[in-house]
Amino acid sequence: MIVNICILGKGFCMRSVKDLHPRKRLLLTCMLVYCGYSGASKAVQASKGEVDVLLKGVGEKSVANEVKHVLEMARRASLKREILHTNFLTPPVVKESMQILEKLADVKALAQGGYPQAERCRISVGHPDVLTSDPDVISALSLTGNFQFEPCSHGDFLGSILGTGIAREKVGDIILQGEQGAQIIVVPELVEFLTLTLDKVRNVPVTCTKIPLISLDYEPPRTKSFKTIEASLRVDAVASAGFKISRSKLVDMISNGDVRINWIRITSKGTTIKSGDLVSVSGLGRLKIGEVNTTKKGKFAVELIRFL
């Protein structure tokens with residue numbers, strides 16, 4: 001008899017032992033004893049097929065590859081009862097990883113970006129008995145200078161940071177501060193290096209200093225809510241209403257790769273949306289799908305939340 005069960009590190013994945021038939025439970029116990037079930041390398045681990053099942057709902061291949069890396073890190077952390085941390089991840093990788101990790105037993109995951117609305121985050125993974133508090137894996141820096149006569153964009157600040165030679169995944173969000181400069185989120189190990197080397201953004205001299213996370217000066221996003229009645233939940237119908245542009249123009253933007261749902265680029269105008277989805281269009285901004293209800297005539301009343 002073979003018990004088909006997946007174990008991630010020291011934790012059972014997707015299925016509890018207590019749900020097994022008593023005879024299978026006994027067989028499983030014997031199998032774990034035989035394997036030296038104490039965190040040793042012989043413990044049963046998630047097979048490639050099981051990992052592929054977990055990744056089945058992940059869209060883009062590049063996102064799936066990064067999520068797979070996070071899952072492998074979680075397995076190692078649980079197996080060795082240690083805490084491991086990713087670099088800064090993009091929003092779709094964070095979203096997909098956390099959704100899968102929440103389904104796994106004996107694995108705890110925390111996503112941190114420095115402030116509540118952070119998009120780029122680091123994920124910490126470990127056994128629940130070990131990961132009992134928020135790890136100190138985020139630091140903040142303030143870049144101050146006189147930008148009154150030479151305003152700098154997000155790209156200008158990012159370019160100057162990466163110009164020092166560090167990798168993009170070591171940098172989190174950049175919070176623009178208008179004429180004063182910007183605040184940046186980084187991994188703690190780069191704080192000293194950046195405070196010593198980052199002295200200019202474009203042509204503006206800057207001072208780089210470490211600040212506590214509590215000093216981050218961010219504003220909750222301003223939004224405007226309204227409703228639209230549509231015959232379908234296709235993205236070309238709903239998003240064109242949300243951004244106040246023609247449906248044909250939005251279709252062209254989809255073809256050009258300018259439209260994303262939950263940060264993942266879409267290529268089909270027939271892609272459907274649902275409540276909670278975030279639609280972003282290059283040059284136009286972002287739109288969140290709120291409550292969706294069906295009217296008496298069989299159409300859809302959709303709440304749209306436009307980020308201003």
Side-chain angles (χ1 to χ4, degrees), residues 14 51-68 70-71 89-103 111 113 115-121 153-155 173 218-308:
M14 309 293 288
V51 172
D52 290 341
V53 170
L54 293 173
L55 295 173
K56 190 174 181 180
V58 181
E60 292 186 354
K61 184 176 181 180
S62 59
V63 173
N65 288 337
E66 290 195 62
V67 174
K68 183 177 181 180
V70 176
L71 295 181
L89 304 171
T90 60
V93 176
V94 174
K95 178 176 179 290
E96 298 288 358
S97 297
M98 293 301 292
Q99 285 182 344
I100 295 177
L101 290 169
E102 288 171 358
K103 300 175 183 177
Y115 63 106
Q117 284 80 35
E119 293 190 351
R120 294 176 61 84
C121 296
S153 66
H154 180 281
D173 284 3
Y218 64 92
E219 294 183 3
R222 294 183 301 116
T223 61
K224 177 182 179 181
S225 299
F226 54 96
K227 289 188 176 181
T228 182
I229 305 296
E230 302 296 334
S232 75
L233 294 177
R234 286 169 46 134
V235 65
D236 58 340
V238 177
S240 60
F243 290 108
K244 308 294 184 184
I245 61 174
S246 69
R247 193 162 175 171
S248 60
K249 183 176 181 180
L250 189 74
V251 170
D252 290 339
M253 299 185 79
I254 292 175
S255 300
N256 293 332
D258 295 328
V259 180
R260 295 172 179 264
I261 296 180
N262 299 326
W263 298 284
I264 297 176
R265 183 180 290 108
I266 62 171
T267 57
S268 171
K269 63 182 180 181
T271 302
T272 58
I273 54 89
K274 63 183 183 301
S275 179
D277 281 347
L278 185 69
V279 182
S280 55
V281 179
S282 299
L284 297 180
R286 296 183 296 174
L287 180 74
K288 187 173 183 179
I289 309 302
E291 189 176 354
V292 178
N293 294 305
T294 305
T295 68
K296 293 181 179 180
K297 296 183 178 180
K299 294 188 177 182
F300 298 95
V302 185
E303 179 189 18
L304 301 175
I305 305 168
R306 178 81 180 269
F307 290 86
L308 304 176

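Counting from 1, the numbers follow the sequence of the chain as shown.
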By side chain to side chain donor-acceptor pair (under 3.5 Å), Q99 pairs with (sequence neighbours left out) none
Where do L89 and V70 land on the side-chain contact (heavy atoms from CB on, under 4.5 Å) test, with the steps shown first?
CA-CA 10 Å; L89 304 171; V70 176; 4.1 Å; yes
Closest non-hydrogen atom pair, L304 against A241
CD1-C, 4.3 Å
Residues in side chain to side chain donor-acceptor pair (under 3.5 Å) contact with T90, at least two apart in sequence or another chain:
none
Heavy atoms, side chains only, cut-off 4.5 Å: are V67 and I100 in contact?
yes
Are the side chains of L287 and I305 in touch, meaning some heavy atoms are under 4.5 Å apart?
no
Tell me, please, which residues at least two apart from E119 pass salt bridge (charged side-chain N to carboxylate O under 4.0 Å, His left out).
R286
Qualifying side-chain hydrogen bond (donor to acceptor under 3.5 Å, both in side chains) pairs, either residue in residues 293-308, two or more places apart:
E291-N293
Looking at I264 and P92, what are the two nearest heavy atoms and their distance?
CG1-CB, 4.0 Å
Shortest non-hydrogen contact from A111 to V94?
CB-CG1, 4.3 Å
Would you give me the side-chain donor-acceptor pairs under 3.5 Å for residues 269-276, sequence neighbours excluded?
{"unit_1": "T271", "atom_1": "OG1", "unit_2": "S268", "atom_2": "O", "d": "2.9"}
{"unit_1": "K274", "atom_1": "NZ", "unit_2": "D277", "atom_2": "OD1", "d": "3.1"}
{"unit_1": "S275", "atom_1": "OG", "unit_2": "G290", "atom_2": "O", "d": "2.8"}

Sorted by chain and residue number, the ring pair (Phe, Tyr, Trp, His ring centres under 6.0 Å) partners of Y218 (sequence neighbours excluded) come out as Y115
By ring pair (Phe, Tyr, Trp, His ring centres under 6.0 Å), which residues pair with F243, not counting sequence neighbours?
none
Report the C-alpha separation of I261 and L278 in whole Å, then their side-chain angles, then the decisive distance to 0.1 Å, and conclude whether the side-chain contact (heavy atoms from CB on, under 4.5 Å) test is met.
CA-CA 6 Å; I261 296 180; L278 185 69; over 6 Å; no
If you look at every heavy atom in V93 and V63, which pair is closest and at what distance?
CG2-CG1, 4.1 Å
Going by side-chain hydrogen bond (donor to acceptor under 3.5 Å, both in side chains), name the pairs with one or both residues in residues 232-245, residues two or more places apart or in two chains.
R234-D236, D236-R247
Only counting residues at least two apart or in another chain, list the ones meeting side-chain contact (heavy atoms from CB on, under 4.5 Å) with D258.
M253, N256, S282
Evaluate the side-chain proximity of V238 to I289: yes if any heavy-atom separation is below 4.5 Å, no if none is.
yes
Give a yes or no answer on whether the side chain of R265 reaches the backbone of G257 with a donor-acceptor pair at less than 3.5 Å.
yes
Quick one, F307 and K288 - any side-chain contact, counting heavy atoms below 4.5 Å?
yes
